[in-house]
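Here's the structure, in C-alpha cells; my notes come after.
Order of the sequence lines sets the chain letters (A, B, ...), proteins ahead of strands, with each chain counted from 1.
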Protein chains: 2
Amino acid sequence: MLKLSKLTDYAVVALVRLGQKSEVTTSPVLSRSTGIPEPTVAKVLKILATQGIVTSQRGARGGYRLAQPLEEISIAAVIQAIDGPISLTTCVDGGDCDARATCGLGGQWDMVNAAIRHALSAITLADMKNHTVTDRLGGLHVPPVPDRPEATA
Amino acid sequence: MLKLSKLTDYAVVALVRLGQKSEVTTSPVLSRSTGIPEPTVAKVLKILATQGIVTSQRGARGGYRLAQPLEEISIAAVIQAIDGPISLTTCVDGGDCDARATCGLGGQWDMVNAAIRHALSAITLADMKNHTVTDRLGGLHVPPVPDRPEATA
DNA sequence: AGGAAACAGTACTGTTCTGGTCCAATTATG
DNA sequence: CATAATTGGACCAGAACAGTACTGTTTCCT
C-alpha cells in the first residue's frame, strides 16, 4: 500500500510530544500522553535511541530526550530509523532482481527513490505539529499535486 | 521499509515493455519478454486491467494493450493501481487511528502523502525506460526540491 | 548499602499482507 | 457448433510485521 509501518507513525507522534517537553520523559508518561500502548512506545523509543534520534538516560529518574530540536529532524530520518532505508525496490542495491537483464529499465528506480527521499527530507517534525500548514505550503514544496485524472479507484 | 510491493515493480516492467509493442499482447508473450514468471505477470496485468491502466481483450487472440501512451502514465498511477492508495498512515481516511485525540498531529500526514504523491506523479513510465541514467537527477523533472540543510541521516 | 525505578536487549506469538496457484467465464476460429 | 486460446476471479501458502512479555543492566533514593 506504500504505507509506512505503524511503528513509524507512533514514532512521529511520540517524538513530537517529546519535543514539547523540555525535560527527560519516561516511556509510561509518553504512553499516557500520546495514547500509544506502553510496550509499543517503549519499543519505539528504544529503536529511536539506537538510531540517535533521542538520547536516553538510564536508571531511576531516567527517560528520553530529543537529541535535536524538532525542526532539525526530518520525516525521512524517522522513517529510516524505524523502517530502515528508503528504497522502493530491491533492484537498487544490487539485490535479488532476477529479471534485471530483461526488465529493460536498468535501475531507473533510483530516480524514484531519490524523489521520495527528497520529498521526505523536506518535511520536519516541526511541520507535523499542529500549526496551520497553509502558510508553509506556499513556500514549501509540498502539495501543488496536479492529481492526474486516472484510475484512482 | 517503505518499499513498494514486488508486484508494482513487475507492473512497471511489464507496462514499459507493453508500451513498446503496438499490438495486443498476451500474458505468456509478455512473460517471455520480461522474464517475469507467467502467472505473476498475468496477475499483474489483470489488476492493471481492472484499474484501467491497460485494456484487455478476452477470448482467443486476446491480450492486453496500453490504455494510454507511456508518457501519460505516472508512477503514482501504477502504484495506486497495484498497491492501493498512496497514504502512508491509516490516519488519513478516518481510519483506525485509536490515538487520534491524543496524538496531537491531526492529520498532518496528509502533507507528507501529498508530497510523495507529487514526487511520484512527476515521473512517468516513459522516464523509466532505458534512457541514460547519467542525467537522471539533473535534467529530469525529479527534484525541484530545495532540500533543507538538515537531518538527512 | 539496599531497594526501587527505568532503560536495554532478546525472544515469542498473533495477525496481516504479499506472492503465487488453480479453476471458471468468455470469445475468436475452424 | 465445437474447440482452443485467453482473460477474470477466487483460493491458498508463505513471509513479514506489529505487538507483547521477559530478563538484564544501570542509576537514583532511602
Side-chain angles (χ1 to χ4, degrees), chain A residues 1-14 18 23-32 34-65 67 79 82-84 88-90 96-99, chain B residues 1-11 13-14 18 23-32 35-65 67 79 81-85 87-90 95-99:
Chain A
M1 214 223 270
L2 193 67
K3 76 170 183 37
L4 43 80
S5 63
K6 210 181 296 184
L7 270 300
T8 306
D9 190 359
Y10 289 159
V12 171
V13 174
L18 193 58
E23 281 307 309
V24 293
T25 311
T26 68
S27 296
V29 169
L30 224 43
S31 165
R32 220 177 327 274
T34 57
I36 305 170
E38 296 167 23
T40 302
V41 72
K43 183 180 188 175
V44 168
L45 266 313
K46 259 179 269 186
I47 299 174
L48 291 174
T50 310
Q51 302 300 318
I53 306 288
V54 300
T55 59
S56 62
Q57 175 63 31
R58 297 184 67 156
R61 301 290 301 267
Y64 294 97
R65 189 196 307 249
I79 293 177
I82 302 288
D83 269 6
L88 266 56
T89 59
T90 49
D96 49 1
C97 180
D98 50 349
Chain B
M1 216 224 267
L2 194 65
K3 77 170 182 34
L4 42 80
S5 64
K6 210 183 294 182
L7 271 299
T8 306
D9 191 0
Y10 290 157
V13 175
L18 192 60
E23 280 308 309
V24 292
T25 312
T26 67
S27 296
V29 169
L30 225 43
S31 165
R32 222 177 326 275
I36 305 171
E38 295 166 22
T40 303
V41 71
K43 181 178 188 174
V44 168
L45 266 313
K46 261 178 270 186
I47 300 174
L48 291 174
T50 310
Q51 302 300 317
I53 306 287
V54 299
T55 59
S56 64
Q57 175 63 32
R58 296 185 66 157
R61 302 290 300 268
Y64 294 97
R65 189 198 306 255
I79 294 178
I82 302 289
D83 270 6
S87 49
L88 267 55
T89 58
T90 48
D96 50 359
C97 181
D98 49 348

For a quick test of reading the model, state the closest non-hydrogen atom pair linking [X] to [Y] and the distance between them.
| X | Y | answer |
| --- | --- | --- |
| A:I82 | A:S5 | CG2-OG, 4.0 Å |
| A:V44 | A:Y10 | CG2-CB, 4.2 Å |
| A:I79 | A:T8 | CG1-CG2, 3.7 Å |
| B:A81 | B:I47 | O-CG2, 3.5 Å |

Does the side chain of A:V13 reach to within under 4.5 Å of the side chain of A:V41, using non-hydrogen atoms?
->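 Sidechains of A:V41 and A:V13: no contact.
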
In residues 39-55 of chain A, which ones come under 4.0 Å of DNA chain D, going by heavy atoms?
->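 Residues of residues 39-55 of chain A that come under 4.0 Å of DNA chain D are, in numerical order, A:T40, A:K43.
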
Quick one: A:K6 NZ to D:dA16 C1', roughly how many Å, whole number?
->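 Checked: the NZ to C1' distance equals 14 Å.
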
Under 4.0 angstrom between B:Y64 side-chain N/O and D:dG8 OP1 or OP2 |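 The answer is yes; a side-chain N or O of B:Y64 sits under 4.0 Å from OP1 or OP2.
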
Using a cutoff of under 3.5 Å, can you pull out all pairs of nitrogen or oxygen atoms linking the protein to nucleotides 28-30 of chain D, with atom names and distances?
from   : atom 1 : to    : atom 2 : distance (Å)
D:dC29 : OP1    : A:R61 : NH1    : 2.9

Enter the distance from A:K3:NZ to A:D9:CG here, rounded to the nearest 0.5 Å.
->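 Going from NZ on A:K3 over to CG on A:D9, the span is 10.0 Å.
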
Can you pull the contact range of chain A along DNA chain C, 5' to 3', using atoms under 4.0 angstrom from its heavy atoms?
->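 Contact span on the strand: C:dA5 to C:dT18.
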
Distance-only donor-acceptor pairs under 3.5 Å for side chains of residues 23-31 of chain A, two or more places apart:
from  : atom 1 : to    : atom 2 : distance (Å)
A:T25 : OG1    : A:E23 : O      : 3.1
A:T26 : OG1    : A:V29 : N      : 3.4
A:S31 : OG     : A:I36 : O      : 2.6
A:S31 : OG     : A:E38 : N      : 3.4

Output a table of donor-acceptor pairs, distance under 3.5 Å, between side-chain atoms of residues 49-56 of chain A and any protein atom two or more places apart or on a different chain; print 'none' if there are none.
from  : atom 1 : to    : atom 2 : distance (Å)
A:T50 : OG1    : A:K46 : O      : 2.8
A:T55 : OG1    : A:R65 : O      : 3.4

